[in-house]
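Input: a single structure, listed below in structure tokens.
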Amino acid sequence: MLDQKLLRTELAAVQANLGRRGFPFDAPAYRALEERRKALQVRVEEARNARNVQSKSIGKARAAGEDIQPLLDAVRSLGDELQSAEDEFEGVQTGLRDVQLSLPNLLHESVPAGTTEADNVEIRTWGEPAELGFEPQDHVALGVGLGQLDFDAAALITGARFTVMRGPLARLHRAIIQFMLNLHTEQHGYTEIYAPYLVNARSLEGTGQLPKFGADLFAIAGDQDFYLIPTAEVPVTNLVRDSIIAADQLPLKFVAHTPCFRSEAGSHGKDTRGMIRQHQFEKVELVQIVRPEDSYATLEELTGHAEIVLQMLGLPYRVTALCAGDTGFGAAKTYDIEVWLPGQGRYREISSCSNCESFQARRMSARWRNPATGKPELVHTLNGSGVAAGRALIAIMENYQTADGGIRVPDVLLPYMHGMERIGG
RNA sequence: GGAGAGGUGGCAGAGUGGUCGAAUGCGGCGGUCUUGAAAACCGUUGACCCGCAAGGGUCCGGGGGUUCGAAUCCCUCCCUCUCCGCCA
């Protein structure tokens, strides 16, 4: 959600900024609605004040033993007037809020111009795609060949876009998760969080998935209004909802491993092969709650924490700055990290690190007490994958494959694999 | 699942339908005293909205109702706690 003051005072600038995303914002209509709100609010408050004053005088008169009947008659009609003004005011308020909740975040000035993925800007690369010396297989061929990746079984149990893993491959997947959690908690100072996988609508509104992107979510059947989390960002960021955080508590650094559930509505036909795009996948998520002045330094730091995972796993990657049109709804600026997949012969997203500035904080009413002003002020929130476990598994399979269809285990994962150095082959 | 109790300011905890945004205590902040600190004493201390300001308005878990007027009465939902049952 954007600052209402900004929407009142800098409407043209807001419109221009949102325009960079290609977001059509009807500023004149918004201004008209806002002006109506203001007029109505004044009217309601004046009516309420008149009623309060009158009612108070009734109390005093009665305490003094006077006849209050004339006063009662005089006040009665004020209540009716107030009621109708309130109803109208409420309608306008709701309309305004609907618009506000549907506006994406303002972009940081450093976000490159552009409309699609193709306009994203490469910031840096790390590692060199390995020379395998043979024709690389993709993770599907490798996993199915080993008998450890089973899409048919998943289709039988559930349906399309699910995976069954067996044996050492399932263990490798778990090892990746353990490795990442240990790294972030022991080396990077994050506090491990275990959080619910089902959340309520308010949490999803807080982080920005609702009200606009309900189609991307799985809602559970039954009388409870719960949704499966599309990312740990939702429960973990909402830890600070409706709270005022002491200055010395910041920054808050949280890491959580959770499954993620996405309906992938609108992506029919995309990445249908393999486990690149699933309805259910595991992810280790980094979340930081910081002072506003620190958030851009934190974005660099947090992105670095995700990069170290890939460096330690020996996976070549590149970092890109998302362009204006490709930056997500709640983000002011986003870096994507893309890992090299020999089987596809290209880089694929494995992490997305965003600074949401005060966008989520405002929706969540998440604040800190600024010692400089003594007042509660909005925090900045950041999140990033550190990293997606399913895609990390794919990257390891394809980058560490051997000519005989086996997979070597990266050195840093050996302790988690009980010394198993290779799978298959 | 059954029975009961309760949700009030940073925390604890009062509050007869009118003078209650709310007693009191703790905590916080400022001051007096002190070489400094503690103690004691004095003062001060919620959030949000409109407004340049003066000022006005809203908020006692959420929503609805009764009333001229609701923290207080009624309905409903949510949450917490206790006991029983069940379970990992």
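Hydrogens, waters and symmetry mates are skipped; everything else that's a heavy atom, side chains included, is used. Convention: sequence-line order gives letters A, B, ...; per-chain numbering from 1.
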A:Glu301 meets the side chain to side chain contact (heavy atoms under 4.5 Å, CB included) criterion, sequence neighbours left out, with A:Tyr190, A:Lys253, A:Gln288, A:His305
Just to verify, what does A:Ala47 make a side chain to side chain contact (heavy atoms under 4.5 Å, CB included) with, not counting sequence neighbours? A:Leu82
Watson-Crick or G-U wobble mate for [N], both contacts under 3.5 Å:
| N | value |
| --- | --- |
| B:rU82 | B:rA3 |
| B:rG18 | B:rC68 |
| B:rA38 | none |
| B:rC87 | none |
| B:rG10 | B:rC26 |

Can you name the ring pair (Phe, Tyr, Trp, His ring centres under 6.0 Å) partners of A:Phe281, sequence neighbours left out? none
Would you tabulate the nitrogen or oxygen pairs shorter than 3.5 Å linking the protein to nucleotides 44-48 of chain B?
{"from": "B:rA47", "atom 1": "O3'", "to": "A:Arg367", "atom 2": "NH1", "distance (Å)": "3.4"}

Do [X] and [Y] have side chains that get closer than 4.5 Å, going by heavy atoms?
| X | Y | answer |
| --- | --- | --- |
| A:Tyr317 | A:Arg348 | no |
| A:Tyr335 | A:Leu299 | yes |
| A:Ile337 | A:Glu307 | yes |
| A:Glu398 | A:Asp138 | yes |

Under 6.0 Å between ring centres, would you say that holds for [X] and [Y]?
| X | Y | answer |
| --- | --- | --- |
| A:Phe218 | A:Tyr227 | no |
| A:Phe359 | A:Phe329 | yes |
| A:His279 | A:Phe162 | yes |

Atom [atom1] of [X] and atom [atom2] of [N]: how far apart are they, to the nearest Å?
| X | N | atom1 | atom2 | result |
| --- | --- | --- | --- | --- |
| A:Arg241 | B:rC79 | CZ | P | 13 Å |
| A:Asn52 | B:rG57 | CG | P | 6 Å |
| A:Asp242 | B:rC79 | CG | P | 15 Å |
| A:Phe89 | B:rC49 | CZ | P | 13 Å |
| A:Leu40 | B:rG57 | CG | P | 18 Å |
| A:Gln93 | B:rU58 | CD | C1' | 11 Å |

Using the [atom1] atom on both, measure [N] against [M] and round to a whole Å.
| N | M | atom1 | value |
| --- | --- | --- | --- |
| B:rG21 | B:rU58 | P | 10 Å |
| B:rC52 | B:rC68 | C1' | 36 Å |
| B:rU16 | B:rG51 | P | 39 Å |
| B:rA88 | B:rC49 | C1' | 49 Å |
| B:rG9 | B:rA14 | P | 13 Å |
| B:rC33 | B:rG17 | C1' | 48 Å |
| B:rG85 | B:rG4 | C1' | 15 Å |
| B:rG1 | B:rA12 | C1' | 34 Å |

Please encode protein proximity along nucleotides 59-73 of chain B as a string of B, S and -, counting only heavy-atom distances under 4.0 Å. ---------BS----
Give a yes-or-no answer on whether the side chains of A:Thr207 and A:Glu233 include a donor-acceptor pair shorter than 3.5 Å. no
A:His257 side chain to A:Glu282 side chain, donor-acceptor N/O pair below 3.5 angstrom: yes
Verify the neighbour count for atom NZ of A:Lys212: are there more than 12 heavy atoms of other residues, nucleotides or ligands below 6.0 Å? yes
B:rC78, OP1 or OP2 - any side-chain N/O from A:Asn200 closer than 4.0 Å? no
Write down the protein N/O and nucleotide N/O pairs, taken from nucleotides 54-56 of chain B, whose separation is under 3.5 Å; answer none if there are no such pairs.
{"from": "B:rG56", "atom 1": "O3'", "to": "A:Asn49", "atom 2": "OD1", "distance (Å)": "3.2"}
{"from": "B:rG56", "atom 1": "N2", "to": "A:Glu45", "atom 2": "OE1", "distance (Å)": "2.9"}
{"from": "B:rG56", "atom 1": "N2", "to": "A:Glu45", "atom 2": "OE2", "distance (Å)": "3.4"}

